[in-house]
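Let me begin by presenting the structure, written as structure tokens, before commenting on it.
Just so you know, these numbers come straight off a predicted model, no measurement behind them.
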Amino acid sequence: MAVKSVSIRIEQEMLEKLAYVADYEGRSVNSHVLVLIRENIKAFEEANGEIVGDINADVNVKPTRK
């Protein structure tokens, strides 16, 4: 699976808070964002049915250190 890069615009305060939560969970901001995306996709699929395709949401997400 190809890994793509995405740029986002985010307010400084929100980024700082996101970094705080990510650090608390033992992740980088990038890994934490991927966890949040994975959780969002899972919730979507539970409510709306599986998204069909060769998509593996667990890729590129490190487990927590807790």
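Nearest approach of Ser28 to Ala22, heavy atoms of both residues: O-CB, 3.7 Å. Considering all non-hydrogen atoms of both residues, Glu25 and His32 come closest at CG-CE1, 4.2 Å.
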Tabulate below the donor-acceptor pairs under 3.5 Å that side-chain atoms of residues 8-19 make, not counting sequence neighbours, or state none.
unit_1 : atom_1 : unit_2 : atom_2 : d
Gln12  : NE2    : Glu16  : OE2    : 2.8
Glu13  : OE2    : Lys17  : NZ     : 3.2

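Transitive grouping of hydrophobic side chains (ILVMFWY, heavy atoms separated by less than 4.5 Å) keeps Tyr20 and Val29 in distinct clusters.
Taken to the nearest 0.5 Å, the CD1 atom of Ile41 stands 12.5 Å off from the CD atom of Glu46.
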